[in-house]
Amino acid sequence: MIIAAASLLAALAVPSSASYADAKSTADGIVAFMMKTSGAEDVQSLIDGALADGAGTTAEWYVIALAQSGESYDFLSYVDALGEYISAERTLGATTAQKYALAMLACGAYADLTVETLDGTIGELGIMSYIYGLHLLNNGLTTDKISKDDVIGELLSLELDGGGWAITGSVADVDVTAMALAALAPNIDALGADGAIERALAFLSEKQFPDGGYSSMMSGENPESTAQVMLALSSLGVDFESDERFIKNGSTLLDAMMSFSVGDGGFSHTKGGEYNFSATVQ
């Protein structure tokens, strides 16, 4: 399974055993934090309880991450809950529908929803719907509407001058660039994607802060942006703890991320801030 979209546990495929151990320890701490705050006795109880209850709203990236963690879990209760949520919602945005399809795929549930999603969402909501759509295609889904090569071509055509991508405007954004790299990673030799990837990596190296962290266009330095870059680098096989392009003043991405830790496994969006859901799950 090569699903990779936006969660820390999905970012463990790095060459260095030290990097893997550090990242996995951080990810395990987040899961332990979730178990503690939800009252779950173990991970399976977390899936059957809090994550099933949060299907469609708060659970998807946790489920995708756990499905890729290398452990064997039963996601049936979550899949059933997500199916019920989708049926009740009626109207879904393109990227929301793609996120649900990715979660279903991660759980091994190849429901009709996943194929229908491809037909009705790719390219319908700008660059993010191409990125999420490419993740679905990378994981074996097909559609008569558009080929994987065509989606890669569309995504590459949106590359900005100087490298990288953004939702709008002419200035590349760290988060969107990292997300695009994660989607392109399995297709590095396709349609000239290797050149775009190298330019994007150079952009990300340039934008890294002296403490090893990142910010998005929407806010100051935050762990979410750093996590997105970590995921992109790991998807490409770049060791974020040894590659000099991504070490600033001796500080790595993981060093920067941990400066947002609030203890017990949770993370804040700002340094010294309180627990934040988005910062923790990403």
Side-chain angles (χ1 to χ4, degrees), residues 2 4-8 10-16 19-20 22-23 26 126-128 130-132 134-135 138 152 155-260 267 269 271 278-279 282:
I2 54 176
S7 50
L8 178 59
L12 300 179
V14 292
S16 162
S19 297
Y20 179 91
D22 290 343
T26 304
I127 187 171
M128 294 309 300
Y130 282 119
I131 289 173
Y132 279 27
L134 183 53
H135 278 303
N138 286 340
I152 295 169
L155 188 53
L156 293 178
S157 75
L158 296 172
E159 182 189 7
L160 299 172
D161 290 342
W165 290 266
I167 292 177
T168 60
S170 59
V171 179
D173 175 68
V174 166
D175 291 56
V176 178
T177 297
M179 292 178 184
L181 285 178
L184 287 169
N187 312 283
I188 193 168
D189 296 324
L191 304 178
D194 52 342
I197 287 172
E198 287 305 315
R199 289 187 291 273
L201 287 174
F203 163 77
L204 291 177
S205 177
E206 177 186 348
K207 290 299 181 181
Q208 191 175 18
F209 288 152
D211 68 352
Y214 285 91
S215 69
S216 69
M217 294 180 69
M218 304 301 292
S219 67
E221 186 176 357
N222 64 85
E224 296 99 306
S225 297
T226 304
Q228 293 289 355
V229 176
M230 187 184 294
L231 175 59
L233 297 181
S234 298
S235 298
L236 291 165
V238 175
D239 187 338
F240 55 80
E241 289 202 315
S242 68
D243 192 305
E244 291 298 327
R245 292 175 296 177
F246 298 97
I247 299 175
K248 301 295 190 289
N249 298 316
S251 295
T252 69
L253 281 84
L254 192 56
D255 291 330
M257 181 185 295
M258 293 309 297
S259 70
F260 291 86
F267 285 80
H269 177 68
K271 289 185 179 179
S278 177
Q282 289 200 38

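We count residues from 1, following the sequence as given. Nothing here was measured: the structure is a model prediction, and the numbers come from that model.
Atom CD of residue Glu241 and atom CE of residue Met230 lie 7.5 Å apart, to the nearest 0.5 angstrom. Atom CD1 in Ile188 sits 9.0 Å away from atom CG in Leu181 (nearest 0.5 Å). Within the model, atoms CD of Gln228 and CG of Leu204 stand 11.0 Å from one another, a figure rounded to the nearest 0.5 Å. One finds the OG1 atom of Thr177 at 4.5 Å from the CZ atom of Phe203 (value rounded to the nearest 0.5 Å). In this structure, the separation between CD1 on Ile197 and OG on Ser235 is 10.0 Å, given to the nearest 0.5 Å. The OG atom of Ser225 lies 7.0 Å from the CG atom of Asp173; values are rounded to the nearest 0.5 Å.
Counting heavy atoms from C-beta on, the side chains of Leu253 and Tyr214 come closer than 4.5 Å. Side-chain contact between Asp243 and Leu233 is absent, with no heavy-atom pair separated by less than 4.5 Å. Between Leu184 and Leu156 there is a side-chain heavy-atom pair separated by less than 4.5 Å. Taking 4.5 Å as the limit, every side-chain heavy atom of Val229 sits out of range of all side-chain heavy atoms of Lys207. The shortest side-chain heavy-atom distance between Phe267 and Gln282 does not fall under the 4.5 Å cut-off. Side-chain contact between Ser219 and His269 is present, with heavy atoms from C-beta onward closer than 4.5 Å.
Trp165 places a side-chain N or O within donor-acceptor distance of the main-chain N or O of Leu155, the cut-off being under 3.5 Å. Panel note: side chain Ser234, backbone Leu231; no donor-acceptor pair is recorded below 3.5 Å. Under a 3.5 Å cut-off, the side chain of Gln208 and the backbone N or O of Phe246 do form a donor-acceptor pair. Remark: side-chain polar atoms of Asn249 are not paired, donor with acceptor, to backbone N or O of Ser251 under 3.5 angstrom. Proximity of a side-chain donor or acceptor of Ser205 to a complementary backbone N or O of Leu201 within less than 3.5 Å is not detected.
The two residues Val176 and Ile131 have their closest heavy-atom pair at O-CD1, 4.1 Å. For the pair Pro186 and Ala182, the tightest heavy-atom approach, listed with the atom from each and the gap, is CD-O, 3.8 Å. For the residue pair Ala178 and Ala232, the shortest heavy atom distance occurs at O-CB, 3.3 Å. Contact record, Ala196 with Glu159: CB-OE1, 3.7 Å, taken as the closest heavy-atom pair. Annotation for Ala172 and Gly163: closest pair CB-O, 3.5 Å, computed over non-hydrogen atoms. The nearest pair of heavy atoms linking Ile127 to Ala166 is CG2-O, 3.8 Å.
Around the NZ atom of Lys271, the shell of radius 6.0 Å holds more than 12 heavy atoms that belong to other residues, nucleotides or ligands.
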* Should Asp211 and Asp255 be marked as a side chain to side chain contact (heavy atoms under 4.5 Å, CB included) after you check the CA-CA gap, both sets of side-chain angles, and the distance that decides it? -> CA-CA 8 Å; Asp211 68 352; Asp255 291 330; over 6 Å; no
* Under the side chain to side chain contact (heavy atoms under 4.5 Å, CB included) rule, what do Leu160 and Val171 come out as? Steps first, then yes or no, please. => CA-CA 7 Å; Leu160 299 172; Val171 179; 5.7 Å; no
